[in-house]
Amino acid sequence: MSDENKESGIKVLHKAVDVLRQLSNSPSGMSLSELSQSVNFPRSTVQRIVATLESELLVEQLSKGGGYRLGQGLGLLLQNTQSDLIAMTRPFLRNLSLEVKESVSLATLYGDKLHVADCIIYERDLRVSFPIGLEAPCYGTAAGQALLSTLPDELIEKYIPDEIMVARGSQLTRDSLIQKIKKIRETGIGIDEQDHIEGVCTFSVVLQTTFGKFSITILAPAVRANYEKEFYVERLNKIREDLMHRLNFFHRFEIY
């Protein structure tokens with residue numbers, strides 16, 4: 001391959017990364033024309049780049065003839081690259097699950113979606129769990145809200161739609177949700193009590209790791225969470241301490 005062709009190929013690769021970056025900042029999606037303008041590349045070339053990314057499930061079309069957004073293939077890539085982190089945190093998740101007698105999950109954000117990387121399911125008659133690989137609206141659980149709290153204000157507002165989905169009986173609005181997320185910066189604990197999933201409460205802390213930001217979350221039915229909330233918060237704070245000791249020993253990741 002000639003130097004000129006190599007240079008052209010590298011340039012296209014950089015533009016493909018630019019396309020992914022632009023889509024990560026646009027949860028509602030972007031048209032080919034918008035992408036072309038954003039990355040300053042001809043529309044025809046952007047169309048070929050998007051088609052290639054789409055074939056690898058890294059980009060998906062919102063609807064026939066509509067715009068594009070990040071695809072589910074990114075979740076698979078995240079899962080593959082997170083294996084070391086999952087192996088390191090799993091004993092902590094398992095111990096936490098045994099202590100609180102509830103399911104516990106590890107999750108991260110990409111774009112406006114929460115991606116569940118691991119979940120320890122506590123077996124009992126009434127339980128709550130999120131399947132590994134689940135992709136959900138970023139604002140819909142304590143995990144997503146806690147992770148959103150680490151972002152700049154403008155990204156928080158960008159990732160939360162004008163019309164949020166809430167559970168029956170919830171008084172939560174978009175504005176009150178944004179304020180609630182910002183408040184997590186002070187408390188360090190995300191709590192969602194049936195605002196988005198009726199009968200389900202979630203409690204979460206955030207970890208800043210070498211692989212990015214992750215949340216550790218306790219998932220519980222409201223009938224038990226109503227009585228055990230303080231205990232859940234206590235144990236989440238404890239796991240934060242335990243992981244900090246792990247950090248001091250291995251120098252592998254930091255606590256947010």
Side-chain angles (χ1 to χ4, degrees), residues 24-29 62 69 96-97 100-116 119 121-122 124-131 134-207 213-237 239-240 256:
S24 73
N25 292 325
S26 302
S28 59
L62 290 169
R69 66 182 177 188
L96 178 61
S97 179
V100 300
K101 296 182 174 56
E102 302 291 356
S103 298
V104 176
S105 71
L106 178 75
T108 188
L109 288 182
Y110 74 89
D112 65 336
K113 293 291 189 297
L114 179 75
H115 173 80
V116 177
C119 188
I121 300 174
Y122 191 88
R124 57 191 304 178
D125 291 340
L126 181 59
R127 71 184 188 198
V128 179
S129 65
F130 290 161
L134 173 72
E135 294 173 5
C138 59
Y139 63 86
T141 66
Q145 292 166 21
L147 288 163
L148 282 171
S149 74
T150 68
L151 301 179
D153 289 354
E154 57 269 23
L155 277 183
I156 294 175
E157 296 185 10
K158 187 171 188 177
Y159 286 162
I160 298 179
D162 293 336
E163 297 293 332
I164 62 171
M165 297 173 59
V166 296
R168 182 178 55 183
S170 172
Q171 301 300 311
L172 198 66
T173 65
R174 182 179 185 274
D175 288 342
S176 62
L177 174 59
I178 290 173
Q179 292 306 311
K180 177 184 176 184
I181 289 170
K182 293 178 180 179
K183 188 73 174 177
I184 296 173
R185 295 169 180 166
E186 303 172 17
T187 64
I189 300 284
I191 299 176
D192 190 283
E193 299 181 272
Q194 303 189 76
D195 277 323
H196 298 283
I197 307 175
E198 189 173 357
V200 173
C201 297
T202 53
F203 305 79
S204 187
V205 291
V206 174
L207 309 174
K213 298 169 185 174
F214 288 78
S215 62
I216 291 180
T217 305
I218 296 171
L219 319 166
V223 292
R224 291 197 294 268
N226 289 336
Y227 299 99
E228 301 289 353
K229 184 194 314 186
E230 292 183 4
F231 179 55
Y232 297 159
V233 171
E234 175 194 337
R235 300 325 293 168
L236 284 170
N237 282 325
I239 197 173
R240 178 155 45 193
Y256 168 81

Atom of Glu102, atom of Arg124 and distance for their closest heavy-atom approach: OE2-NH1, 3.7 Å

I'd like to check the side chain to side chain contact (heavy atoms under 4.5 Å, CB included) partners of Pro152; sequence neighbours left out, ordered by chain and number. Glu154, Leu155

Please report the closest heavy-atom contact between Gly140 and Gln145, naming both atoms and the distance. C-NE2, 4.5 Å

Run the side-chain hydrogen bond (donor to acceptor under 3.5 Å, both in side chains) test on Thr141 and Asp192 for me, step by step, so that the C-alpha distance in whole Å, both residues' side-chain angles and the decisive distance to 0.1 Å come before the verdict. CA-CA 6 Å; Thr141 66; Asp192 190 283; over 6 Å; no

Any heavy-atom pair between the side chains of Val100 and Glu228 that's under 4.5 Å? no

Is there a side-chain contact between Tyr159 and Leu151 in this structure, where contact means two heavy atoms from C-beta onward sitting under 4.5 Å apart? yes

Hey, mind stepping through Leu106 and Ile216 against side-chain contact (heavy atoms from CB on, under 4.5 Å) and telling me if it holds? CA-CA 5 Å; Leu106 178 75; Ile216 291 180; 4.1 Å; yes

Quick one: are Ile189 and Asn237 in side-chain contact, heavy atoms under 4.5 Å? yes

Let me see the working for Asp112 and Cys138 under side-chain contact (heavy atoms from CB on, under 4.5 Å), right down to the final yes or no. CA-CA 5 Å; Asp112 65 336; Cys138 59; 4.3 Å; yes

Donor-acceptor pair, distance only, cut-off 3.5 Å: does the side chain of Arg174 make one with the backbone of Ile160? yes

For Glu193, give me all partners under salt bridge (Lys or Arg N to Asp or Glu O under 4.0 Å), at least two apart in sequence or on another chain. Lys229

Lys180 side-chain N/O to Ile191 backbone N/O, donor-acceptor pair under 3.5 Å: yes

Please collect all ring-ring contact (aromatic ring centres under 6.0 Å, His included) contacts where either partner lies in residues 161-203, sequence neighbours excluded, each pair once. Tyr139-His196, Phe203-Tyr232

Heavy-atom closest contact (Thr217 atom, Ser204 atom, distance): OG1-OG, 3.0 Å

Partners meeting side chain to side chain donor-acceptor pair (under 3.5 Å) with Thr187 (sequence neighbours left out): none

Find the distance between OH (Tyr122) and OG (Ser97) and round it off to the nearest 0.5 Å. 7.0 Å

What's the shortest heavy-atom distance between Ser129 and Leu219, and which atoms? CA-CD1, 3.8 Å

Minimal heavy-atom distance between Leu147 and Leu114, with the atoms involved, is CD1-CD1, 3.8 Å

Just how far is it from atom CG of Leu109 to atom CZ of Phe214, taken to the nearest 0.5 Å? 10.0 Å

Using atom types as modelled and distance alone, determine if a side-chain donor or acceptor of Ser170 lies under 3.5 Å from a backbone N or O of Ala167. no

Donor-acceptor pair, Gln194 side chain versus Val200 backbone, under 3.5 Å? no

Checking the side chain of Arg235 only, and the main-chain atoms of Ile218 only, is there a donor and an acceptor separated by less than 3.5 Å? no

Check for a donor-acceptor pair, side chain of Ser215 on one end and backbone N or O of Val206 on the other, with a separation under 3.5 Å. no

Are the side chain of Thr108 and the backbone of Lys213 linked by a donor-acceptor contact shorter than 3.5 Å? yes

To the nearest 0.5 Å, atom CD1 of Ile184 lies from atom CD of Gln179 at 12.0 Å

Not counting sequence neighbours, which residues clear salt bridge (Lys or Arg N to Asp or Glu O under 4.0 Å) with Asp153? List them please. Lys182, Arg185

Atom pair CG (Leu177) and CD (Glu157), whose distance is rounded to the nearest 0.5 Å: 11.0 Å

Donor-acceptor pair, distance only, cut-off 3.5 Å: does the side chain of Arg240 make one with the backbone of Val205? no

Closest approach of Ile156 to Ser149 (non-hydrogen atoms, all atoms of both residues): CD1-CA, 4.4 Å

With sequence neighbours left out, the residues meeting salt bridge (Lys or Arg N to Asp or Glu O under 4.0 Å) with Glu186 are Lys183

